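Computed from a predicted model, the values in this text were never measured in an experiment.
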Amino acid sequence: MARRVDYTVGILVLWCVSSTALNIPSPSSVPEKFEEPLYTTRRTSKVFFDLPAPNSKLPLPVVNFEVWSTTTMPPESTTTTTTTTTSTTTRRSLFSEQPHYRLNGSNGQACILLQVDALITVQYRTKLGEEQEKSIYVPSDATVTGNCDNENTVTMSLKWETFLLSWSFAKTPGGERWYVEKIELIYSSNDPHFEHIDQTLQGKTIRLSTGQKHSAMLFPTPVGKSYSCTQETEIPLTDGKNHGSVILRDMKLQPFKFKNNEFAAEFSCTSLSARGFRDETAPVAVGSTLAAAVLLTITGYAAYRYFKVKKVKYDTME
């Protein structure tokens with residue numbers, strides 16, 4: 001009886017095991033969501049669930065920069081930062097007003113008017129024997145002095161720091177035109193602009209000028225008119241050993257004023273008449289030479305007549 005019971009229990013256990021085995025689902029019927037690793041605690045996709053969708057309207061930095069560049073920046077500012085910095089250090093802004101200098105006469109009215117963007121350049125030698133060139137703008141607040149007492153010659157000087165830029169004006173012999181007779185630059189070699197200057201040049205006052213014998217009159221203009229030139233003009237200056245120059249841009253100039261404090265009618269440097277009268281030194285020199293030749297001829301003839309007549313009278317007395 002006991003053996004029969006054990007047999008029955010064994011059959012029941014075998015039936016339970018076989019039933020359980022037959023009820024296990026096949027791998028093909030298991031949903032894809034259960035194919036994850038056994039010990040995965042959260043889905044990887046949930047990490048990205050809260051990110052914005054691709055069609056999100058959040059502003060992107062690149063888009064904002066493009067809009068700002070096209071709506072707020074002026075056309076001149078579309079260049080790189082390096083280019084902008086370089087142009088600022090080499091030339092005044094094109095939108096700034098040109099410096100205006102005025103010298104009054106004894107009557108309180110303007111005698112000389114000058115409007116120009118001026119730059120001086122000075123060459124010097126350093127302690128290492130290298131040649132350097134320094135460029136310095138003439139400031140708009142330079143002190144203006146000069147002399148307008150003479151009818152045919154006037155002067156004007158612009159002074160700032162250790163620099164003095166002097167202009168000498170004169171009229172042609174007939175008084176029909178005025179011109180710049182001389183430009184002179186005086187400066188101290190100890191100025192801080194000249195870094196590491198050679199010791200042999202230190203403590204000196206240097207005078208650079210166009211010279212007394214320059215071959216052309218500068219800016220000859222009819223009296224009563226103002227000289228106007230938008231082109232850049234460079235005028236060399238020297239004392240024989242040291243060299244420099246003055247660069248003039250967008251210039252308006254008029255000495256010998258007597259009517260009002262404004263520039264008179266313009267005489268442009270690009271006009272045919274301006275080019276025609278650019279050099280009047282040669283005609284003046286030829287005229288002077290001819291006058292001297294005539295004077296020598298008359299003097300020689302007078303001397304000849306004097307000695308000839310004296311000899312004739314002496315022979316007659318004998």
Residues 104-113 side chain polar contacts: donor-acceptor under 3.5 Å, at least two apart:
residue, atom, partner, partner atom, Å
Asn104, OD1, Arg102, NE, 2.7
Asn104, OD1, Arg102, NH2, 3.2
Asn107, OD1, Gln109, N, 3.1

For the side chain of [X] and the backbone of [Y], is there at least one donor-acceptor N/O pair under 3.5 Å apart?
X      : Y      : result
Thr121 : Ser135 : no
Thr172 : Arg177 : yes
Thr221 : Phe219 : yes
Asp239 : Leu208 : no

A side-chain contact here means heavy atoms from C-beta on lying under 4.5 Å apart; do [X] and [Y] qualify?
X      : Y      : result
Thr270 : Gln231 : yes
Leu164 : Leu158 : no
Tyr137 : Asp117 : yes
Leu119 : Arg249 : yes
Asp141 : Trp160 : no
Tyr187 : Ile206 : yes
Asn190 : Gln202 : yes
Val138 : Leu165 : yes

When you look at [atom1] of [X], are more than 12 heavy atoms from neighbouring residues, nucleotides or ligands closer to it than 6.0 Å?
X      : atom1 : result
Glu131 : CD    : yes
Glu234 : CD    : yes
Glu161 : CD    : yes

I need the [X] [atom1] to [Y] [atom2] distance, nearest 0.5 Å.
X      : Y      : atom1 : atom2 : answer
Glu151 : Phe258 : CD    : CZ    : 10.5 Å
Tyr227 : Gln254 : OH    : CD    : 14.0 Å
Thr126 : Asp198 : OG1   : CG    : 7.5 Å
Leu114 : Met156 : CG    : CE    : 4.5 Å

Pair His193-Tyr124, ring-ring contact (aromatic ring centres under 6.0 Å, His included): steps then yes or no
CA-CA 11 Å; His193 287 93; Tyr124 68 96; over 10 Å; no
Please report the shortest heavy-atom distance between Phe194 and Ser189, naming the atom on each side.
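Heavy atoms of Phe194 and Ser189 come nearest at CD1-O, 3.9 Å.
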Which heavy atom of Thr155 sits nearest to which heavy atom of Ser168, and what is that distance?
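Residues Thr155 and Ser168, closest heavy atoms: CG2-OG, 3.9 Å.
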Is it the case that one hydrophobic cluster holds both [X] and [Y], taking links as side-chain heavy atoms less than 4.5 Å apart, direct or via other members?
X      : Y      : result
Ile197 : Ile136 : yes
Leu253 : Val223 : yes
Val144 : Leu185 : yes

Regarding Lys225 and the six-membered ring of Phe267, is the cationic atom NZ or CZ under 6.0 Å from the ring centre and inside 45° of its axis?
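No; the conditions do not both hold, so Lys225 does not lie above the ring face of Phe267.
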